[in-house]
Amino acid sequence: MSELIYRGGTILTIDPQHRVVTGDVACADGVIAQVGGAYTPRTDDYQIVDCAGMLVMPGLVQAHIHTCQTLARGRADDLELMDWLRGVIWPYEASLDEDAAGAAGELACAELLLGGTTAILDMATVHHTDAIFRAAERSGIRATIGKAMMDAPDPQVPVGLRETTSASLDESEKLIKRWHGTANDRLRYAYAPRFVLSCTDELLREVGVQSKAKRLRIHTHASENRGEIALVRQRFGKDNLDVFEDLGLLGDHVCIAHCVHLSAAERALLARTGTHVCHCPSSNLKLASGVCDVPALIAAGVSVAIGADGAPCNNNLDGFLELRLAALIHKHTSGPRTLPAPEVVRIATLGGAAALGLSGAIGSLEVGKRGDVIAIDLSPLHQIPSSSPWSVVAYAAKACDVRHVAVDGRLVVQDRTLLTLEVPKVRDRARRAAQRLFP
Ligand SMILES: [Zn+2]
């Protein structure tokens, strides 16, 4: 048995009572064995991490990320969605090769882990998804990844991203066999039809059927931008979520990013089917898409998570920044008590875990759950004097305050040093690959 002990911190459990306790968080063989009080190691194979003066909490879970896009950071600023996709992102994704995809994946995973994000739902591109899985595997992050599915005959999509329906399903099948449930179930697969406009009805229907038969997640985008919604109405004569329902793509195994422009009927449909929404406030603001009405979603009973989306539309993958923005952005319309600190911290942890279908395994510090645990330094001046730990996490803490990170009970960041990948190498590799793609 190997034990990891986060010793002597203030512990934000995110358990059903939202308890804040003090003492140790101990993991034995990857599983949380004790939360609070003093833990006595049961074997000689243990490691103690001093967390005095720190806040210990579950790692952030981001339910909408594109790690493959990280090399396009800063290359697609100040554009709206369809111009951003057609002008930069699709040509960029089409130009990725195996090495560049791996470089983007490593860069993203390194940034995410150092910033306290321990689990992601990640949409890769059409090809080279193995490289993304390998990067996640090496980095130690918990990742549910899917290749982007794009079989619609759209002349605006570069040739390199066009695929047939059967090729899209076959490649997904191979990736499921190779990766789903590997690394002690840390790596999982999710079907990732990009959005309805990128896919044929046949493909979407098949994804609906296969995801249920194989008990896999679906990760997609919808209702991000008014132009996109107009195109959906043109093709189907109805709104995004009605199309999803007709094609069998709603349910508690589905996570839809954005959902900025929804009717009350669409919100009710999400609630009725248990479909998860991932709120991406930075991305929605930067692409001038609008603001997802999270208070209305929550009031309707929809499960919400938070995500940074991709580096070219954010331009960071900083979960704390997203969390703070999610807490702030709804107050001017819905009032200052909207999304109070404990609620937004729950969304950024347990809400994300639910979107990944892993609320029984991660998202809170409870005995029996997997050991995805972070420790935040409480000494930086921008937090002093801190009173409520909820307030620190929601409003004051930054990604750079994260000191220690464990995934599955294994330390992957210690004293702000990534233990799994060499950061200078990750940086150099990413720069070289970006230079090749953007000469
Ligand atoms: Zn996205």
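Along the sequence shown, residues carry numbers from 1. Each ligand, and each atom within it, is numbered from 1 in the order the structure gives. Predicted, not measured: the structure shown is a model, and the values here were computed from it.
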Inset, instruction - Tell me which N, O or S atom of D309 sits nearest to the Zn ion (ligand 1). - result: OD1

Inset, instruction - Could you confirm whether H66 has any N/O/S atom lying under 2.8 Å from the Zn ion (ligand 1)? - result: yes

Inset, instruction - Evaluate the side-chain proximity of H219 to T144: yes if any heavy-atom separation is below 4.5 Å, no if none is. - result: no

Legend entry - Check: P295 and H330 side chains under 4.5 Å, non-hydrogen atoms: yes

Inset, instruction - Run the numbers on T200 and D151 for side-chain hydrogen bond (donor to acceptor under 3.5 Å, both in side chains), then give the verdict. - result: CA-CA 6 Å; T200 61; D151 73 325; 2.5 Å; yes

Legend entry - Shortest-distance N, O or S atom of H221 relative to the Zn ion (ligand 1): NE2

Legend entry - Metal proximity, C313 vs the Zn ion (ligand 1), N/O/S cut-off 2.8 Å: no

Inset, instruction - Taking the side chain as every heavy atom from C-beta outward, state whether Q383 and D401 have any pair of such atoms under 4.5 Å apart. - result: yes

